[in-house]
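Take a look at the structure below.
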Amino acid sequence: MYEPKPEHKFTFGLWTVGNVGRDPFGDAVREKLDPVYVVHKLAELGVYGVNLHDEDLIPRGTPPRERDQIVRRFKRAIEETGLRVPMVTANLFSDPAFKDGALTSPDPWVRAYALRKSLETMDLGAELGAEIYVVWPGREGAEVEATGKSRHVWAWVREALNYMVAYAEDQGYGYRFALEPKPNEPRGDIYFATVGSMLAFIYTLDRPERFGLNPEFAHETMAGLNFVHAVAQVLEAGKLFHIDLNDQRMSRFDQDLRFGAENLKAAFFLVDLLEHSGYQGPRHFDAHALRTEDEDGVWAFARGCMRTYLILKEKAHAFRQDPEVQALLAEYYRGDDKALALLGSYSRAKAEALKRADIPLDALRRRGYALERLDQLAVEHLLGVRG
Ligand code: XLS
Ligand code: MG
Ligand code: MG
């Protein structure tokens, strides 16, 4: 039971299970794992796909011939295991050249380097069969406001994204571009801080239909926002192109905890939302094992992410099927034809009817919504005493 299978579309990044446990105060605690080994391990665990940054596979500065050998060897592992590479992304944050931004560096040479790295990553992804291209503007931020850079960055990023999609079209790459907001870390503040700001930005691009979101549980939580609401808005806009699942305590450094490790109730309602939304994309775990762990702990972490997701999926289903829940919800959403007739799109006649309508304010003010009961039922499903 709760055995992950490729059809569940679980994915991990090379950088997630391959994380060596470095933090700002401490050195690496685990050996770097060979990407080919990671592919085989993930396949054994029942994973659907593996995602990567350019540099996770090809160390910076690798000469072209060696690069091709690395890619060939990796492709062989992918073919042998049947794992997919659904998503690739350029590392625009590690190179010291990106210290004051990559696509938003004030230095046009740095911006050119970031753009070239992005095109090369698209080429790499195309070789590996990737369909989603993530842009995480991790270094696109600031600590110092005095530069006035916040007046320029939007235009620079817009220009770069328009360039990238034009390049993809020119090469015949079918990428869907998934943009990933984050409020801070590694920069003091990152531009495109939240799902809402990223979503609004998409509609200023030349080809908004090619762009969507890659929201991350930890990132919205760091901003103190409700991730379930953010994902619901993205889904409604038809813009959920990818999702980064993990966990996080609010108002802390970026923790990238195992999915469900911290906010179980939010994870439950997130799985409920995703599974009942028709979302067909990958369920990507952008998280890593605690720094306390050896390699066994890494695979326990990976299994845990998927197992928790599958348990929550079953519980969400049972919750929605529970007759008591259904009865409470039927009452919660009870319609009244007279009221409904006053709503909808505007007409002058309707507005006049609305002004004349006898709204039952006394009853509305007294109404109870039974949310204590409903929420308790959710908690009881989660605790395993129902369904
Ligand atoms: C960091 C981000 C990063 C992106 C991919 O916080 O989540 O892992 O998802 O570059
Ligand atoms: Mg993150
Ligand atoms: Mg992420």
Side-chain angles (χ1 to χ4, degrees), residues 10-24 49-58 60 85-95 98 101-104 114 117-118 120-122 124-125 130 132-141 157 161 164 175-195 198 212-223 225 227 230-231 234 240-259 261-263 270 281-290 301-302 305:
F10 292 133
T11 64
F12 287 86
L14 283 181
W15 73 97
T16 63
V17 285
N19 187 289
V20 293
R22 205 175 284 119
D23 75 14
V50 60
N51 300 320
L52 50 98
H53 298 90
D54 50 350
E55 295 185 21
D56 300 338
L57 184 61
I58 304 160
R60 209 179 313 145
V85 181
M87 176 279 252
V88 292
T89 180
N91 179 328
L92 299 183
F93 44 90
S94 293
D95 193 315
F98 298 138
L103 301 172
T104 62
K117 215 167 181 293
S118 305
E120 286 169 353
T121 304
M122 275 190 249
L124 171 65
I132 301 161
Y133 187 84
V134 162
V135 180
W136 172 54
R139 289 275 171 210
E140 320 304 357
V157 174
L161 294 177
M164 286 183 212
Y175 284 119
R176 305 202 318 149
F177 291 83
L179 310 180
E180 181 177 342
K182 184 173 181 179
N184 57 275
E185 205 178 333
R187 299 311 296 267
D189 288 286
I190 297 179
Y191 307 113
F192 311 98
T194 61
V195 161
M198 201 58 114
L213 267 280
N214 178 34
E216 176 167 322
F217 196 122
H219 297 179
E220 295 302 292
T221 306
M222 286 166 75
L225 298 174
F227 189 60
V231 173
V234 173
L240 191 68
F241 285 13
H242 196 261
I243 189 162
D244 280 1
L245 303 170
N246 53 13
D247 215 335
Q248 171 76 33
R249 284 202 204 180
M250 200 173 104
S251 309
R252 301 260 167 128
F253 65 94
D254 182 8
Q255 295 177 302
D256 281 340
L257 299 170
R258 191 180 74 255
F259 182 64
E262 192 60 40
N263 301 286
L270 176 66
R283 275 80 171 151
H284 173 67
F285 297 105
D286 189 6
H288 49 79
L290 297 170
F301 145 83
C305 286

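Remember, it's 1-based here, ligands and their atoms both numbered in the order they're listed.
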Output the list of atoms in ligand 1 that are nearer than 4.0 Å to some heavy atom of [X], sorted by atom number.
X: Trp15; answer: 8 (O)
X: Lys182; answer: 1 (C), 6 (O)
X: Asp254; answer: 6 (O)
X: His53; answer: 5 (C), 10 (O)
X: Asp244; answer: 9 (O)
X: Asp286; answer: 2 (C), 3 (C), 4 (C), 7 (O), 8 (O), 9 (O)

query: Are Arg60 and Asp54 close enough for a salt bridge, meaning some N to O gap below 4.0 Å?
result: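 Judged by the 4.0 Å cut-off on N to carboxylate O distance, Arg60 and Asp54 do not form a salt bridge.
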- request: Please check if any side-chain donor atom of Asp189 sits under 3.5 Å from a side-chain acceptor atom of Asn184, or the reverse.
  value: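 On atom types as modelled, these side chains do not qualify, holding no pair under 3.5 Å.
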- prompt: With no hydrogens and no angle check, do the side chains of Thr221 and Gln248 hold a donor and an acceptor under 3.5 Å apart?
  reply: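 No.
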Is there side-chain contact between [X] and [Y], with at least one heavy-atom pair below 4.5 Å?
X: Met164; Y: Leu103; result: yes
X: Leu245; Y: Phe259; result: yes
X: Val88; Y: Thr121; result: yes

- prompt: Does NZ or CZ of Arg258 come closer than 6.0 Å to the centre of the six-membered ring of Phe301, within 45° of the ring's axis?
  reply: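 No cation-pi geometry.
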message: Using heavy atoms and a 4.0 Å limit, tell me yes or no: is Glu185 in contact with ligand 1?
response: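 It does not, in that no heavy atom of Glu185 comes within the 4.0 Å cut-off of ligand 1.
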message: Could you check whether any heavy atom of Val134 sits closer than 4.0 Å to an atom of ligand 1, since that is the contact criterion I want to use?
response: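 Val134 does not count as a contact of ligand 1 under the 4.0 Å cut-off.
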- request: Could you check atom 2 (C) of ligand 1 against the protein and tell me its nearest heavy-atom contact, residue, atom and distance included?
  value: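 Nearest protein contact, heavy atoms only, for atom 2 (C) of ligand 1 is Glu180 OE2, 3.3 Å.
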message: Which label fits Trp15 and His53: parallel for a plane angle under 30°, tilted from 30 to 60°, or perpendicular past 60°?
response: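 Plane angle over 60°, so perpendicular.
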- prompt: For the ring-ring contact (aromatic ring centres under 6.0 Å, His included) test, which of Phe241, Tyr133, Trp136 pairs with Phe177?
  reply: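 Output: one option passes, namely Tyr133.
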- prompt: Counting no waters, how many protein N/O/S atoms sit under 2.8 Å from the Mg ion (ligand 3)?
  reply: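 That number is 4, waters not included.
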- prompt: Does the pair Arg252 and Glu185 meet the rule for a salt bridge (Lys or Arg N to Asp or Glu O under 4.0 Å), with working shown?
  reply: CA-CA 10 Å; Arg252 301 260 167 128; Glu185 205 178 333; over 6 Å; no
message: Pairs of nitrogen or oxygen atoms closer than 3.5 Å, one from Asp256 and one from ligand 1: do any exist?
response: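 Between Asp256 and ligand 1 (N or O atoms, distance only) the closest approach is not under 3.5 Å.
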task: Taking the six-membered ring for Trp and the single ring otherwise, decide whether the centroids of His288 and Phe12 are under 6.0 Å apart.
output: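 No, ring centres 6.0 Å or more apart.
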